[in-house]
Amino acid sequence: MAELGGEVARPKLAVSLNASTDEQRCELMPITRKYPLADLIKACRAYPLRPWERLTFEYVLLKGVNDSDADARRVVRLLAHLNCKVNLIALNPGPGIAYETPEPERVASFQTILRKSMPCFLRKPRGRDIFAACGQLKRISH
């Protein structure tokens with residue numbers, strides 16, 4: 001590991017949240033059935049952070065699925081008292097993806113609610129034109 005000012009640099013923790021309830025999260029990411037949100041948040045609270053570090057939560061917004069103002073308010077409650085930031089990613093549509101991208105106004109409303117309580121950034125999509133954006137990469141069979 002590289003050193004920064006005498007300290008060893010370490011990987012930054014980024015958590016794929018993507019939902020504000022266990023039911024939503026299990027539907028979107030079945031592996032999470034083993035890890036309820038309460039356990040995830042408890043583990044995040046116990047994660048040792050240095051004073052300048054934050055946990056990063058990634059949240060992919062899916063039109064009509066996890067992008068409501070109520071979802072945003074639940075995310076705020078989930079992440080309360082954590083030193084964190086949230087990266088919002090509007091879904092990158094592509095072949096075989098059953099979900100749609102929320103309207104820009106919906107994304108902005110979600111971000112506004114989160115920003116009242118924590119740093120929240122909107123990730124700019126790149127690679128959509130070649131179906132290589134976040135969430136689009138998939139195995140191509142020959």
Side-chain angles (χ1 to χ4, degrees), residues 1-4 7-142:
M1 294 191 148
E3 286 193 32
L4 297 173
E7 301 235 2
V8 175
R10 63 183 186 164
K12 294 181 181 176
L13 180 63
V15 178
S16 295
L17 188 59
N18 301 324
S20 62
T21 67
D22 283 315
E23 295 76 22
Q24 267 183 343
R25 200 157 185 261
C26 287
E27 179 69 28
L28 296 172
M29 302 179 343
I31 188 70
T32 63
R33 286 186 191 110
K34 292 182 181 181
Y35 310 102
L37 283 170
D39 292 348
L40 172 67
I41 298 304
K42 183 178 176 183
C44 289
R45 282 197 176 100
Y47 187 79
L49 292 172
R50 296 178 213 167
W52 62 87
E53 292 179 317
R54 293 181 187 269
L55 296 171
T56 299
F57 288 88
E58 306 288 343
Y59 196 100
V60 178
L61 291 164
L62 308 171
K63 182 178 183 177
V65 176
N66 66 352
D67 65 341
S68 71
D69 287 355
D71 287 306
R73 288 189 292 273
R74 282 191 296 269
V75 169
V76 167
R77 284 193 300 273
L78 273 172
L79 304 183
H81 311 295
L82 286 173
N83 188 14
C84 68
K85 68 176 183 174
V86 176
N87 287 331
L88 292 179
I89 306 163
L91 174 73
N92 292 304
I97 296 175
Y99 301 104
E100 297 178 35
T101 305
E103 300 300 324
E105 298 79 21
R106 174 87 318 266
V107 174
S109 179
F110 197 99
Q111 183 181 25
T112 297
I113 292 168
L114 266 62
R115 274 192 172 165
K116 291 176 183 175
S117 300
M118 66 198 66
C120 180
F121 304 94
L122 181 58
R123 301 255 310 263
K124 292 186 179 185
R126 294 190 174 98
R128 283 184 177 176
D129 57 331
I130 59 170
F131 300 115
C134 182
Q136 288 184 325
L137 297 177
K138 61 188 245 183
R139 186 176 178 182
I140 299 172
S141 53
H142 296 284

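Applying the side-chain hydrogen bond (donor to acceptor under 3.5 Å, both in side chains) rule to pairs touching residues 37-48 yields nothing, sequence neighbours excluded. Pairs of residues two or more places apart, or lying in two chains, never qualify as ring-ring contact (aromatic ring centres under 6.0 Å, His included) while including a residue from residues 10-34. For residues 93-118, the pairs satisfying salt bridge (charged side-chain N to carboxylate O under 4.0 Å, His left out) are K63-E100, K63-E103, D69-R106, with sequence neighbours left out.
Among all heavy-atom pairs drawn from N18 and V60, the shortest one is OD1-N, 2.8 Å. Heavy-atom minimum distance, L13 versus L55: CD2-CD2, 3.4 Å. The shortest heavy-atom contact between D67 and D71 is N-OD2, 3.4 Å.
Here T21 pairs with nothing under the side-chain hydrogen bond (donor to acceptor under 3.5 Å, both in side chains) rule; sequence neighbours left out. Take V107 and apply the side chain to side chain contact (heavy atoms under 4.5 Å, CB included) test, not counting sequence neighbours, and it matches L61, A90, P102, L122. Residues satisfying the side chain to side chain contact (heavy atoms under 4.5 Å, CB included) test with A70, not counting sequence neighbours, are S68, R73, R74. Not counting sequence neighbours, the partners of F110 by the ring pair (Phe, Tyr, Trp, His ring centres under 6.0 Å) test are Y59. Partners of Q111 under the side-chain hydrogen bond (donor to acceptor under 3.5 Å, both in side chains) rule, at least two apart in sequence or in another chain, do not exist in this structure.
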Side-chain donor-acceptor contacts of residues 29-38 below 3.5 Å, not counting sequence neighbours, with atom names and distances?
unit_1, atom_1, unit_2, atom_2, d
T32, OG1, R25, O, 3.3
T32, OG1, M29, O, 2.7

For residues 77-88, tabulate all N or O donor-acceptor pairs below 3.5 Å that involve a side-chain atom, not counting sequence neighbours.
unit_1, atom_1, unit_2, atom_2, d
N83, OD1, R54, NH1, 3.2
N83, ND2, E53, O, 2.8
N87, ND2, E58, OE2, 3.1

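Two residues are said to be in side-chain contact when any heavy atoms from C-beta on lie closer than 4.5 Å; L17 and L40 meet this criterion. Residues N92 and T101 fail the side-chain proximity criterion, which asks for heavy atoms closer than 4.5 Å.
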